[in-house]
Amino acid sequence: MKIRNSLKSLRGRHRDNQLVRRKGRVYIINKVQKRFKARQG
């Protein structure tokens, strides 16, 4: 999982990426390609 300040560019890397908010953190998840995970921090 990548930890980045800005997730906007990471979201465009794959069309199945979803922006999710969990417990006050912002995540990129992808159920098709699991490697495109990221957390804002």
Side-chain angles (χ1 to χ4, degrees):
M1 177 180 297
K2 290 186 186 242
I3 300 179
R4 297 283 295 266
N5 290 331
S6 176
L7 296 180
K8 196 168 187 181
S9 60
L10 293 182
R11 187 169 171 229
R13 292 174 71 202
H14 194 276
R15 60 187 172 88
D16 291 314
N17 283 354
Q18 298 175 1
L19 200 82
V20 184
R21 299 199 64 166
R22 291 181 185 159
K23 298 178 184 171
R25 298 181 194 259
V26 185
Y27 292 91
I28 298 278
I29 60 169
N30 190 326
K31 303 212 169 174
V32 179
Q33 291 281 342
K34 305 285 192 206
R35 63 190 180 137
F36 290 109
K37 285 198 294 193
R39 173 171 78 79
Q40 185 162 317

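- Applying the side chain to side chain contact (heavy atoms under 4.5 Å, CB included) test between Arg39 and each of Val26, Ile3, Leu7 identifies Ile3 as the sole match.
- Listed here is the closest heavy atom pair of Ala38 and Met1: CA-CG, 3.9 Å.
- For Lys31 against Lys34, the heavy-atom pair with the smallest separation is O-NZ, 3.3 Å.
- Atom CG in Asn5 sits 7.5 Å away from atom CD in Gln40 (nearest 0.5 Å).
- In this structure, CD on Gln33 lies 10.0 Å from CZ on Arg15, to the nearest 0.5 angstrom.
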Quiz: residues 16-25 side-chain donor-acceptor pairs under 3.5 angstrom, not counting sequence neighbours:
unit_1 : atom_1 : unit_2 : atom_2 : d
Asn17  : OD1    : Asn30  : ND2    : 2.7
Asn17  : ND2    : Leu10  : O      : 3.1
Asn17  : ND2    : Arg11  : O      : 3.3

